[in-house]
2 protein chains.
Amino acid sequence: MPRTSTETPRERYRAQVRAEVKERAWEQIAAAGASALSLNAIAKQMGMSGPALYRYYGSRDELITELIRDAYRSLADAVRAADGDVTSLAYALRAWALADPHRYFLVYGTPVPGYHAPDDITAIASEIMARLLDAFAELPAGEARTPFDAHLDEHREWTDGHPAPSPAPRRALAFWTRLHGALSLELAGHFTGMGFDPALLFAAELESLGE
Amino acid sequence: MPRTSTETPRERYRAQVRAEVKERAWEQIAAAGASALSLNAIAKQMGMSGPALYRYYGSRDELITELIRDAYRSLADAVRAADGDVTSLAYALRAWALADPHRYFLVYGTPVPGYHAPDDITAIASEIMARLLDAFAELPAGEARTPFDAHLDEHREWTDGHPAPSPAPRRALAFWTRLHGALSLELAGHFTGMGFDPALLFAAELESLGE
DNA sequence: GAGCGGTCGTGATAGCCTCTAACAAACTCG
DNA sequence: CGAGTTTGTTAGAGGCTATCACGACCGCTC
């Protein structure tokens with residue numbers, strides 16, 4: 001197999017170790033959530049002693065930020081891989097969330113107080129949003145124009161130049177907030193013991209976006 | 001002032017210290033979130049040495065559980081104090097959430113992996129749900145019956161004997177998930193920099209429940 | 001009022017964590 | 001081969017949760 005010539009052996013090794021650290025980190029997160037992530041434990045698991053890991057990640061926060069970045073990227077991939085239409089987007093989102101709930105909460109869960117997302121992460125987020133706007137732009141306009149539509153027409157910074165006409169931004173926002181509402185409560189276990197099927201609730205909410 | 005005769009001085013003192021601990025805990029949570037809560041720091045703040053606090057709360061988890069319980073109780077109070085109708089319930093919820101976002105996340109945020117809520121907490125949660133069902137039971141039935149309505153009719157464990165007829169449970173669930181979706185994304189800061197007014201999004205989502 | 005039992009606060013300690021610093025070993029590349 | 005960078009080590013500071021043994025104190029009872 002051909003190797004990239006611009007990559008020194010050291011860089012190769014470094015990248016490999018960083019990747020393995022992330023792997024273990026994901027395992028830990030899946031097992032006990034992001035708050036329980038311990039650089040020390042990862043180091044020991046990999047057979048090296050605590051501080052060695054700091055050669056690869058300057059701090060716990062740096063590692064977590066990298067994991068959040070990867071989570072966003074994988075969500076963007078999942079969304080990109082879905083068919084263009086709204087329904088398949090919704091089920092791609094749901095499948096991605098159910099595949100690893102902790103990863104979902106890393107993106108949409110309780111924020112760390114001081115934390116502010118780096119630019120490249122917000123860029124990925126807006127790519128996902130663009131995909132949503134695409135999907136809704138293709139739908140027929142349909143219903144009546146709401147006051148919130150008017151407000152959104154005057155505040156379209158977030159659509160970042162996307163040409164989707166008037167009802168689409170509102171519907172894209174509703175897609176995001178409604179499905180997040182249903183998904184996050186399901187993943188957080190707030191529906192357990194209630195008896196109904198969360199998948200059907202999700203479907204019903206998705207339905208509500210079509211009307 | 002008359003004092004309760006069933007209360008010994010020791011018990012009075014104990015209750016007072018426990019209350020002050022909780023106060024400091026809320027301050028810390030408001031400042032840096034629940035994950036940053038430190039029994040040690042609280043003890044020092046109160047002028048006593050670390051382990052002394054363990055006389056009052058057996059563990060950090062026990063304190064947090066108590067805080068979650070209080071959060072649920074205060075939400076139940078807020079909801080109980082609101083007028084019966086759906087709109088005032090929604091704005092009571094929103095006001096309660098905005099008053100202390102970290103408290104909101106304590107209730108509806110990323111779950112701690114091992115954690116399972118004690119019975120009395122789930123009891124409070126179902127009282128809140130009953131209030132919601134009340135509000136929707138008073139509304140005219142209106143629209144067409146959905147497949148999800150049928151599913152809910154067969155799975156009404158969670159309504160806990162509440163007599164609200166068919167469309168009400170679905171609408172109460174939608175109230176919960178939609179408003180939570182909008183609120184939690186707002187509180188987590190996912191709308192910052194997007195330009196639109198989260199209050200108007202909330203209002204629009206609330207509107208969507210009336211139809 | 002004296003004594004006694006339970007409660008409360010203390011310091012010491014174990015064990016975990018993050019992260020820094022100084023030092024030794026290993027590897028790359030000229 | 002040799003020099004410089006990179007990597008890993010141990011030691012240690014300072015934080016945390018939590019347990020334990022001990023002394024001090026308080027309030028109830030006699």
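Chain letters run A, B, ... following the sequence lines, proteins first and then strands; every chain starts at 1. Remember, it's a predicted structure, so these values are computed and weren't measured experimentally. Hydrogens, waters and symmetry mates are skipped; everything else that's a heavy atom, side chains included, is used.
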Open item on the list: Just to be sure I understand the geometry, which residues of residues 49-65 of chain A put a non-hydrogen atom under 4.0 Å away from DNA chain C?
Closed with: A:Pro51, A:Tyr54, A:Arg55, A:Ser59, A:Arg60
Task: Note, B:Leu173 side chain near A:Met194 side chain (heavy atom, < 4.5 Å) - done: yes
- [ ] Would you kindly give the CZ-to-C1' distance between B:Arg18 and C:dC8, to the nearest whole Å?
- [x] 15 Å
Task: Distance, rounded to the nearest Å, where A:Met46 contributes CE and D:dG8 contributes C1' - done: 12 Å
TODO: Quickly work out the B:Lys44 NZ to C:dG11 P distance and round it to whole Å.
DONE: 12 Å
Task: Side-chain ion pair, B:Glu20 and B:Arg24, N-O less than 4.0 Å - done: yes
Open item on the list: Rounded to whole Å, how long is the line connecting atom CZ of A:Arg14 with atom C1' of C:dT28?
Closed with: 15 Å
- [ ] Give a yes or no on whether the ring-centroid distance for B:His151 and A:Phe196 is below 6.0 angstrom.
- [x] no
Task: Between P of D:dG8 and CD of A:Glu20, the distance in whole Å - done: 11 Å
Task: Interatomic distance, A:Asn40 CG vs C:dC17 P [rounded to whole Å] - done: 5 Å
Task: Side chain of A:Met48 (C-beta onward), nearest among D:dT9, D:dC16, C:dT18 - done: D:dT9
TODO: Establish, for the pair A:Arg170 and A:Phe148, whether the NZ or CZ atom is under 6.0 angstrom from the six-membered ring centre and no further than 45 degrees off its axis.
DONE: no
Task: Phosphate-side-chain proximity, B:Tyr13 and D:dC25, N/O vs OP1/OP2 below 4.0 Å - done: no
Open item on the list: In this structure, how many angstroms lie between the P atom of D:dG4 and the CZ atom of A:Arg10, rounded?
Closed with: 14 Å
Task: Donor on one side chain, acceptor on other, B:Asp149 and B:Thr146, under 3.5 Å - done: yes
Task: salt bridge (Lys or Arg N to Asp or Glu O under 4.0 Å) contacts touching residues 26-42 of chain B (sequence neighbours left out) - done: none
